[in-house]
Chemist: 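Here it is: the structure, laid out below.
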Amino acid sequence: MIEINRTGGVIGAASKKDAMPLFQVGTIPIIKRIVITFQQAGIFPIVIITGTQEEEVKYQLSGYGVIFLKLEDCEQPKLFESVKIGLHYLEGKCGRVMFTPVNAPMYTADTLASMLSMEGEIITPCHEGIPGHPILLSQSVFPRILAYRGEEGLRGAMESLTDRRVFADVPDPGILCTIHDSRELERRLSEHNRALLHPFVQLGLQKEHTFFNTRVKLLLYLIHDTHSVRGACAQMALSYSKAWDMLNKLEQETGFPVVDRRHGGSRGGKTCLTPKGLEFLRTWLAFEDHMFQHAQKEFTCLFRDSGLLS
């Protein structure tokens, strides 16, 4: 499996008892607010662990290039179950994973960028000595976390890895803010909305029409991961017929086969990317990362540092 990015993300939004992914703060649901913040920090892929309000969550985010994994028993799940599903899925695919519960939506992309610049196997942000979310986990601690069977869930797993943890002081009170504190949400909203301001750069390829974009990129990645077009569609809330339409257009415009059809078909089997299709995906990911870093740097220099936009 290719390492699709240095840092992936996991959002725990499954619990019917506790999670409120569609709770609106400002004019958008909190789960969309978190996805936008993660994307600002260059986090990809973003995996959402669904359960409660699953279909509406997929509807809200189907165009955002995220992956949906369902926690089947979401009536009384512990948050730790979502952590394990996300880490198990991203194991071997990302060097690090940023994890957050959906009910904590108010930290900024600058805080995430600060955490990503730090060294450490487990990085927990703190504000005025109080730890908060999200938590940055290195691939090296995944096996220990996945193997933990204690009664204390994520808290217990973290305590068992005390020697691996780094507590990072950040000037962002949003790391402590949850939807259960309505007054603090209201106080944080205008500042967080300012922090959401970012250059919106959508990269794609087109001739007469666009034939490659974020959704096609994710489709290729998931085909490579699942060896199944149908399996890829299920994880990204995409119809099977639409997926094949996207693949056919991509192959027509690039002039080479992207998917090896010899292993698919109505009888099942595996569907894989061709060697050239995989090379195309790898090259695009490198190009996208370069352009993202350049756009952020130029935006900061031309707009933020000049005082035109705060």
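Computation of the quantities below employed the complete heavy-atom set of this structure, encompassing side-chain atoms and omitting hydrogens, waters and symmetry-equivalent molecules. Values in this document were obtained by computation on a predicted structure and should not be read as measured data.
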Chemist: Side-chain heavy atoms nearer than 4.5 Å, only ILVMFWY residues, links allowed to pass through others: does that put F292 and M98 together?
Modeler: no
Chemist: To the nearest 0.5 Å, what is the distance between CZ (F68) and CD1 (I49)?
Modeler: 11.0 Å
Chemist: Find out whether the Lys NZ or Arg CZ of K93 is both under 6.0 angstrom from the six-membered ring centre of Y221 and within 45° of the ring's axis.
Modeler: no
Chemist: Do Y89 and V97 touch side chain to side chain, with heavy atoms closer than 4.5 Å?
Modeler: no
Chemist: For K207, give me all partners under salt bridge (charged side-chain N to carboxylate O under 4.0 Å, His left out), at least two apart in sequence or on another chain.
Modeler: E253
Chemist: Any heavy-atom pair between the side chains of E251 and V259 that's under 4.5 Å?
Modeler: yes
Chemist: Given the rule in the salt bridge (Lys or Arg N to Asp or Glu O under 4.0 Å) test, do R187 and E184 qualify, once you have shown the distances and angles that lead to the verdict?
Modeler: CA-CA 5 Å; R187 283 194 293 267; E184 185 63 18; 2.6 Å; yes
Chemist: Mark yes or no for whether Q139, through its side chain, and G92, through its backbone, hold a donor-acceptor pair below 3.5 Å.
Modeler: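 Yes.
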Chemist: Going by the salt bridge (charged side-chain N to carboxylate O under 4.0 Å, His left out) test, which pairs reach into residues 227-237, not counting sequence neighbours?
Modeler: none
Chemist: Kindly state each residue pair satisfying side-chain hydrogen bond (donor to acceptor under 3.5 Å, both in side chains) with at least one member in residues 101-119, sequence neighbours excluded.
Modeler: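 For residues 101-119: T100-Y107, T108-T111, T111-D172.
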Chemist: Transitively linked via ILVMFWY side-chain contacts under 4.5 Å: V258 with L203?
Modeler: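 Yes; L203 is reachable from V258 via cluster members.
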Chemist: Using the test ring-ring contact (aromatic ring centres under 6.0 Å, His included), find all partners of Y59 that sit at least two apart in sequence or belong to another chain.
Modeler: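 ring-ring contact (aromatic ring centres under 6.0 Å, His included) list for Y59, sorted by chain: empty.
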Chemist: Give, for atom CG of L137 and atom CZ of R165, the distance between the pair rounded to the nearest 0.5 Å.
Modeler: 9.5 Å
Chemist: Run the numbers on M246 and K242 for side chain to side chain contact (heavy atoms under 4.5 Å, CB included), then give the verdict.
Modeler: CA-CA 6 Å; M246 291 159 66; K242 177 64 175 177; 3.9 Å; yes
Chemist: Decide yes or no on side chain to side chain contact (heavy atoms under 4.5 Å, CB included) for M158 and I145, but give the supporting numbers first.
Modeler: CA-CA 8 Å; M158 293 297 97; I145 295 173; 3.7 Å; yes
Chemist: Using 4.0 Å as the upper bound for N to carboxylate O, is an ion pair formed by K84 and E81?
Modeler: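 Looking at E81 and K84, the cut-off is met.
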Chemist: Consider only side-chain heavy atoms of I, L, V, M, F, W and Y, link residues closer than 4.5 Å, and tell whether I130 and F167 are in one cluster.
Modeler: no
Chemist: So, using ring-ring contact (aromatic ring centres under 6.0 Å, His included) as the criterion, who are the partners of F287 when residues are at least two apart?
Modeler: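 Per chain and number, F287 pairs via ring-ring contact (aromatic ring centres under 6.0 Å, His included) with W284.
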Chemist: Carefully, step by step, assess S15 and L79 under the rule side chain to side chain contact (heavy atoms under 4.5 Å, CB included).
Modeler: CA-CA 8 Å; S15 173; L79 185 63; over 6 Å; no
Chemist: Run the salt bridge (charged side-chain N to carboxylate O under 4.0 Å, His left out) test against E191 and tell me which residues pass, sequence neighbours left out.
Modeler: R188
Chemist: Quick check: closest heavy atoms across P134 and M115, and the distance to 0.1 Å?
Modeler: O-CE, 3.4 Å
Chemist: Answer whether the closest heavy-atom distance between the side chains of E288 and K217 falls below 4.5 Å.
Modeler: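 They are in side-chain contact.
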Chemist: State whether a side-chain donor-acceptor pair under 3.5 Å links S138 with S140.
Modeler: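 Per modelled atom types, S138 and S140 side chains form a pair under 3.5 Å.
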Chemist: Working to the nearest 0.5 angstrom, can you tell me the gap between D245 CG and Y240 OH?
Modeler: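 Going from CG on D245 over to OH on Y240, the span is 13.0 Å.
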Chemist: Side-chain atoms of residues 21-41: list all donor-acceptor pairs with protein atoms under 3.5 Å, sequence neighbours left out, distances to 0.1 Å.
Modeler:
{"from": "Q24", "atom 1": "NE2", "to": "G26", "atom 2": "O", "distance (Å)": "3.4"}
{"from": "K32", "atom 1": "NZ", "to": "Q60", "atom 2": "OE1", "distance (Å)": "3.2"}
{"from": "R33", "atom 1": "NH1", "to": "H192", "atom 2": "ND1", "distance (Å)": "2.9"}
{"from": "R33", "atom 1": "NH1", "to": "N193", "atom 2": "OD1", "distance (Å)": "3.0"}
{"from": "R33", "atom 1": "NH2", "to": "V25", "atom 2": "O", "distance (Å)": "2.8"}
{"from": "R33", "atom 1": "NH2", "to": "N193", "atom 2": "OD1", "distance (Å)": "3.2"}
{"from": "T37", "atom 1": "OG1", "to": "R33", "atom 2": "O", "distance (Å)": "2.9"}
{"from": "Q39", "atom 1": "NE2", "to": "Y64", "atom 2": "O", "distance (Å)": "2.9"}
{"from": "Q40", "atom 1": "NE2", "to": "A195", "atom 2": "O", "distance (Å)": "3.1"}

Chemist: Got L220 and L250 here, is their nearest side-chain heavy-atom distance under 4.5 Å?
Modeler: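 Of all side-chain heavy-atom pairs linking L250 with L220, at least one is under 4.5 Å.
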Chemist: How would you list all residue pairs meeting salt bridge (charged side-chain N to carboxylate O under 4.0 Å, His left out) that involve residues 121-135, not counting sequence neighbours?
Modeler: E121-R164
Chemist: Take atom NE2 of H88 as the centre, draw a 6.0 Å sphere, and report whether it contains more than 12 heavy atoms from other residues, nucleotides or ligands.
Modeler: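 Not more than 12 within 6.0 Å, no.
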Chemist: Which heavy atom of T226 sits nearest to which heavy atom of G231, and what is that distance?
Modeler: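 Looking at all heavy atoms of both residues, the shortest contact is OG1-C, 4.1 Å.
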Chemist: Over all heavy atoms of both residues, which pair between A13 and I48 is shortest? Give the atoms and the distance, please.
Modeler: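 The pair with the smallest heavy-atom distance is CB-CG2, 4.3 Å.
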Chemist: Taking side-chain hydrogen bond (donor to acceptor under 3.5 Å, both in side chains) as the definition, give me every residue that meets it alongside D181, ordered by chain and number, with sequence neighbours left out.
Modeler: none
Chemist: Look at the side chain of N248 and the backbone N and O of W244, then say whether any donor-acceptor pair between them is shorter than 3.5 Å.
Modeler: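 Checked: pair present.
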Chemist: Under a 4.5 Å cut-off applied to non-hydrogen side-chain atoms, are V10 and V83 in contact?
Modeler: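 In short, these two side chains do not touch, never coming nearer than 4.5 Å.
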Chemist: Locate the shortest heavy-atom distance separating L185 from I179; write the atom from each residue and the value.
Modeler: CD1-CA, 3.5 Å
Chemist: Any donor and acceptor pair, going by atom type alone, linking the side chain of R215 with main-chain N or O of M236 inside 3.5 Å?
Modeler: yes
Chemist: Of all the heavy-atom pairs spanning L71 and S82, show the shortest one and how long it is.
Modeler: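 Taking L71 first and S82 second, the nearest heavy atoms are CD2-OG, 4.2 Å.
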Chemist: Please check this pair: side chain of T274 against backbone of P257, looking for a donor-acceptor N/O pair closer than 3.5 Å.
Modeler: yes
Chemist: Return the orientation label for the H224 and H227 ring planes: parallel under 30°, perpendicular over 60°, tilted otherwise.
Modeler: perpendicular
Chemist: Which residues pass the salt bridge (charged side-chain N to carboxylate O under 4.0 Å, His left out) test with R144, sequence neighbours left out?
Modeler: none
Chemist: Taking atom CD1 of I67 and atom CD1 of I11, what is their separation to the nearest 0.5 Å?
Modeler: 11.5 Å
Chemist: For R282, is there an ion pair with E279 - N to carboxylate O distance below 4.0 angstrom?
Modeler: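 Not counted as a salt bridge, because no side-chain N and carboxylate O are separated by less than 4.0 Å.
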Chemist: Are the side chains of T254 and F211 in touch, meaning some heavy atoms are under 4.5 Å apart?
Modeler: yes
Chemist: Kindly write out the residues that satisfy side-chain hydrogen bond (donor to acceptor under 3.5 Å, both in side chains) with E159, not counting sequence neighbours, or none if the list is empty.
Modeler: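 side-chain hydrogen bond (donor to acceptor under 3.5 Å, both in side chains) check on E159 returns nothing, list empty.
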Chemist: Roughly how far apart are I223 CD1 and L278 CG, rounded to 0.5 Å?
Modeler: 12.0 Å
Chemist: Please name the pair of heavy atoms, one in C94 and one in F44, separated by the smallest distance, quoted to 0.1 Å.
Modeler: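 The pair with the smallest heavy-atom distance is SG-O, 4.4 Å.
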Chemist: How many angstroms lie between CD1 in I123 and CG in L116, if you round to the nearest 0.5 Å?
Modeler: 8.0 Å
Chemist: With side chain to side chain contact (heavy atoms under 4.5 Å, CB included) as the criterion, how do V102 and M20 come out once you've worked through the C-alpha distance, each side chain's angles and the decisive distance to 0.1 Å?
Modeler: CA-CA 7 Å; V102 74; M20 299 177 65; 6.0 Å; no
Chemist: Using the salt bridge (charged side-chain N to carboxylate O under 4.0 Å, His left out) rule, collect all pairs that involve residues 54-65, keeping only residues at least two apart or in two chains.
Modeler: E54-K58, E54-K70
Chemist: In the structure I gave you, are the side-chain heavy atoms of D260 and K270 within less than 4.5 Å of one another anywhere?
Modeler: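 D260 vs K270: side chains apart.
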